[in-house]
J.: 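Structure incoming, see below.
Since the structure is predicted, the reported quantities are computational estimates derived from the model, not experimental observations. We use all heavy atoms of the structure for the numbers below, so side chains are in, but hydrogens, waters and symmetry mates are not.
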Amino acid sequence: MSPATFTAMCSNASSPRRWDGTSVRSPRSRSLRVAADSPTRLVRSAQSGRCPDCGNRVDWHPRVGTDGRAVGLHPQELPAAAVPAVSRWHVSSGIAHPAHDGTPWCRIGHAVLCPARSAPAALTPQLTALRRHLALHTRRLINNNTLTTPATPPAPEAAESCRPARPIAQLLSVRYIASHPIDAIRCVAQTRQRHRCTRPVLDDQAPPGTWTLAPTTLLGRPPSLSLPVGRMAVYDLTHLPCTEQLRWRHQHCPDHATSSAADLALTEWEPFDPRLHHQHIHPRLPGGTRTQHHGT
């Protein structure tokens with residue numbers, strides 16, 4: 001017996017083995033990484049969520065185009081013949097495309113199936129049955145107190161608040177509307193523990209924006225297409241350096257501004273349109289002051 005063979009036998013005998021000879025040690029797990037040529041920084045396995053209206057699962061994907069908005073798709077593929085052509089989606093490299101890719105299967109937007117919304121005029125029998133199945137799941141969630149039904153909208157007097165629930169921000173020469181108050185916008189990056197970062201984007205160590213009153217118009221549009229309906233409160237970030245504005249646009253805290261960590265959630269910015277978001281326009285500054293350098 002050669003020395004090499006004897007050494008190998010000793011090492012195999014010392015390492016724990018199962019009855020079939022395989023090692024009981026599990027392979028070391030590797031963290032997910034984002035490829036340099038990836039069209040999105042979002043980790044693919046982290047796009048799943050729940051519809052806030054019906055509680056059913058939704059897969060969020062960035063949609064093709066320049067607006068960067070996400071679309072919620074039903075998590076399962078459906079036969080293309082059962083889905084109307086205008087409702088078909090396909091996903092390529094994590095990006096959702098509003099078209100059919102020629103395969104017998106396709107994806108469908110959750111909004112078409114959401115039982116909390118009005119049903120489209122024409123639904124195929126397969127989609128009607130799937131919508132009924134999702135409605136039953138929503139009812140179970142409500143009966144188990146897992147899902148709370150939307151509350152009654154407050155009166156106009158109570159809706160007027162010094163802390164806009166969906167503030168309007170201006171950065172990189174574009175106006176966006178946020179999904180949370182300025183001080184509650186949370187970083188979307190992944191931590192070393194593979195959880196979403198809990199730090200807010202607004203940080204005491206970084207220069208803040210400025211609340212100001214700005215005309216309610218569509219920036220970059222001809223005056224004839226503008227909607228001059230007065231002035232509105234805007235959280236202005238255009239006076240900050242470009243790197244800071246990019247940090248806000250990517251929704252990162254200062255620690256993850258220059259980090260290579262992947263994103264664990266989609267950014268929540270949505271391009272502001274006065275026609276679509278008129279209910280979120282506030283004619284007064286938060287706190288009633290002339291200018292305010294805080295996110296409250």
Side-chain angles (χ1 to χ4, degrees), residues 34 38-43 46-49 51-52 58-73 94-96 98 109-111 163-190 196-203 206-212 214 216-221 232-259 261-282 286 294-296:
V34 179
S38 174
T40 173
R41 281 173 49 90
L42 187 67
V43 176
Q47 296 185 13
S48 297
C51 175
V58 181
D59 283 353
W60 293 97
H61 293 271
R63 70 179 73 189
V64 66
T66 58
D67 56 3
R69 290 182 295 172
V71 59
L73 301 181
I95 306 298
H110 174 74
R163 187 173 182 256
R166 298 197 63 187
I168 301 164
Q170 182 167 333
L171 62 153
L172 300 174
S173 301
V174 180
R175 285 181 184 170
Y176 297 93
I177 182 169
S179 299
H180 304 283
I182 290 295
D183 57 345
I185 299 177
R186 183 178 162 193
C187 179
V188 297
Q190 179 181 237
R196 179 177 174 179
C197 179
T198 58
R199 295 187 56 183
V201 178
L202 182 68
D203 191 89
T210 303
W211 281 107
T212 183
T216 309
T217 56
L218 293 173
L219 299 181
R221 302 288 184 89
M232 63 180 180
V234 175
Y235 193 69
D236 189 12
L237 297 160
T238 55
H239 64 282
L240 301 182
C242 183
T243 54
E244 275 296 299
Q245 297 186 54
L246 287 173
R247 180 178 73 83
W248 277 85
R249 180 62 184 88
H250 295 157
Q251 205 169 320
H252 288 159
C253 66
D255 288 346
H256 288 109
T258 58
S259 172
D263 290 348
L264 209 56
L266 292 166
T267 58
E268 298 167 340
W269 297 111
E270 183 179 348
F272 172 73
D273 190 332
R275 298 186 183 96
L276 301 177
H277 308 115
H278 59 88
Q279 69 272 24
H280 300 293
I281 293 177
H282 292 265
H294 304 285
T296 56

J.: Would you find a donor on one side and an acceptor on the other, under 3.5 Å apart, between the side chain of R166 and the backbone of H280?
T.: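 Side chain of R166 to backbone of H280, a donor-acceptor pair under 3.5 Å: no, none is there.
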J.: To the nearest 0.5 Å, what is the distance between CG on D203 and CG on D255?
T.: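 Spacing of CG (D203) from CG (D255) equals 7.5 Å.
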J.: For the side-chain hydrogen bond (donor to acceptor under 3.5 Å, both in side chains) test, which of H250, H256, H252, R196 pairs with D263?
T.: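 Result for side-chain hydrogen bond (donor to acceptor under 3.5 Å, both in side chains) with D263: H252.
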J.: Measuring from atom CZ of R247 to atom CG of L237, what distance do you get when rounded to the nearest 0.5 angstrom?
T.: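 Between atom CZ of R247 and atom CG of L237 there are 9.0 Å.
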J.: Looking only at heavy atoms, what is the nearest atom pair of I185 and A178, with distance?
T.: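 Residues I185 and A178, closest heavy atoms: CD1-CB, 3.9 Å.
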J.: Which heavy atom of G109 sits nearest to which heavy atom of L73, and what is that distance?
T.: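 G109 and L73 have their closest heavy atoms at CA-CD2, 3.9 Å.
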J.: Taking all atoms of both residues into account, what is the closest heavy-atom pair of A261 and S259, and its distance?
T.: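 Reported closest heavy-atom pair: N-OG, 3.1 Å.
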J.: Hey, does C253 have a side-chain heavy atom less than 4.5 Å from the side chain of P200?
T.: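 Counting from C-beta outward, P200 and C253 never come under 4.5 Å.
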J.: Can you name the residues that form a side-chain contact (heavy atoms from CB on, under 4.5 Å) with A111, not counting sequence neighbours?
T.: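 By the side-chain contact (heavy atoms from CB on, under 4.5 Å) rule, A111 matches R117.
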J.: Out of Q170, E268, R249, which one pairs with Y176 under the side-chain hydrogen bond (donor to acceptor under 3.5 Å, both in side chains) rule?
T.: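 That would be R249.
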J.: Taking Q251 for its side chain and T267 for its backbone only, find out whether a donor-acceptor pair lies under 3.5 Å.
T.: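 Side chain of Q251 to backbone of T267, a donor-acceptor pair under 3.5 Å: no, none is there.
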J.: Given 3.5 Å as the limit, does a donor-acceptor pair link the side chain of W269 with the main chain of W248, or not?
T.: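 Such a contact is found between W269 side chain and W248 backbone.
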J.: Taking atom CZ of R186 and atom SG of C197, what is their separation to the nearest 0.5 Å?
T.: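 Between atom CZ of R186 and atom SG of C197 there are 7.5 Å.
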J.: Determine the interplanar angle of the F272 and H277 rings, folded into 0 to 90°, and report it as parallel if under 30°, tilted if 30 to 60°, perpendicular if over 60°.
T.: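 Judged by the thresholds at 30° and 60°, the geometry between F272 and H277 is parallel.
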J.: Out of curiosity, I168 CD1 to I182 CD1, how far, rounded to the nearest 0.5 Å?
T.: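 Answer for the CD1-CD1 pair, I168 versus I182, is 10.0 Å.
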J.: Return the CG to NE2 distance between D273 and H278, rounded to the nearest 0.5 Å.
T.: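 Interatomic distance, D273 CG to H278 NE2, rounded to 0.5 Å: 10.0 Å.
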